[in-house]
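Take a look at the structure set out below.
Order of appearance sets the numbers: ligands from 1, and atoms from 1 within every ligand. On a predicted model such as this, the values are computed, not experimentally measured, just so you know. We're numbering straight along the sequence, starting at 1.
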Amino acid sequence: MSIEDCTIIELPKISDERGNLVYLEQDKDFQFSIKRNYLIYGVKEGESRGYHAHKELEQLMICLAGEVTIDLYDGVNKKTFILNSPNKALYVCPMIWRVLRNFGRESCLSVLASERFNPEDYIRNIDEFKELARIYTNKAK
Ligand code: TYD
């Protein structure tokens, strides 16, 4: 898995005169088992979050309301995504540094995660991340 795999998945949307319905299905729209869901909302203007990577965790990020900008970094390459619709899910693979920014007042980000919360899975120091990412990328070659 690499930053190349971190892409927006367009979720199936069913719209009629009553409104919209969006769904996502494991093994079809995404390939891991969901063990946890958390929401980030009420983020103060100008505030940014994240600034960490995960050693093993896989995630799907869906902006349920408003918008959010997500910067991804694998130690070499960078990608930026704007999530602004509930039918867009951003897949984030392991060993990706992420920054979440540009939240609107009403923004609500839902994160579906492959594991339960585990502080040991976090890399919160950017220099440590760059070093581990270099080893990880070389192993993947
Ligand atoms: P953190 O992952 O640092 O948030 P962000 O990436 O948005 O900056 O988490 C913030 C706090 O919440 C931290 O103390 C850990 C805790 N937390 C949980 O207890 N369970 C969870 O599922 C998550 C994601 C965080």
Open item on the list: Test your reading of the structure: does Gly50 have an N or O sitting under 3.5 Å from an N or O of ligand 1?
Closed with: yes
Checking heavy atoms under 4.0 Å, the part of Arg98 that sits near ligand 1 is neither
Next on the checklist: My question is simple, although I want it checked carefully: is atom 15 (C) of ligand 1 less than 4.0 angstrom from any protein heavy atom?
Outcome noted: yes
Between the CD1 atom in Ile40 and the CG atom in Leu109, the distance rounded to the nearest 0.5 Å is 5.5 Å
Hits for salt bridge (charged side-chain N to carboxylate O under 4.0 Å, His left out) against Arg18, two or more places apart or cross-chain, chain-then-number order -> Asp16
Q: Give yes or no for whether the N/O distance cutoff of 3.5 Å, strictly under, is met between Tyr38 and ligand 1.
A: no
Near Tyr122 (heavy-atom distance under 4.0 Å), the atoms of ligand 1 are 1 (P), 2 (O), 24 (C)
Item checked: Salt-bridge criterion met for Arg98 and Asp71 (N-O under 4.0 Å) -> no
Among Arg49, Gln59, Glu115, closest by heavy atom to atom 10 (C) of ligand 1 is Arg49
Nearest non-hydrogen protein atom to atom 22 (O) of ligand 1, with distance, is Arg36 NH1, 2.5 Å
Does Arg124 have a heavy atom less than 4.0 Å from any atom of ligand 1?
yes
> Are Glu47 and Lys44 ion-paired here, with the side-chain N under 4.0 Å from a carboxylate O?
Replying inline: no
Nearest non-hydrogen protein atom to atom 17 (N) of ligand 1, with distance, is Phe117 CE1, 3.7 Å
Using 30° and 60° as the class limits, which term best fits the ring planes of Phe117 and Tyr122: parallel, tilted or perpendicular?
perpendicular
Report task. Could you tell me whether atom 12 (O) of ligand 1 has a protein heavy atom closer than 4.0 Å? Result -> no
The answer for which part of Ile40 has a heavy atom under 4.0 Å from ligand 1 is side chain
With heavy atoms and a 4.0 Å threshold, my read on which part of Tyr51 contacts ligand 1 is neither
Is the closest protein non-hydrogen atom to atom 25 (C) of ligand 1 under 4.0 Å? yes
query: So does Glu56 have more than 12 non-hydrogen atoms from other groups sitting under 6.0 Å from CD?
result: no
Taking only non-hydrogen atoms of His52 and a 4.0 Å limit, the atoms of ligand 1 in range are 2 (O), 6 (O)
The reported gap from CD1 in Ile8 to CG in Leu83 (rounded to nearest 0.5 angstrom) is 4.5 Å
So OG1 of Thr7 and CZ of Phe81: to nearest 0.5 Å the spacing works out to 6.5 Å
Rounding to 0.5 Å, atoms NZ (Lys35) and CG (Leu112) come to a distance of 14.0 Å
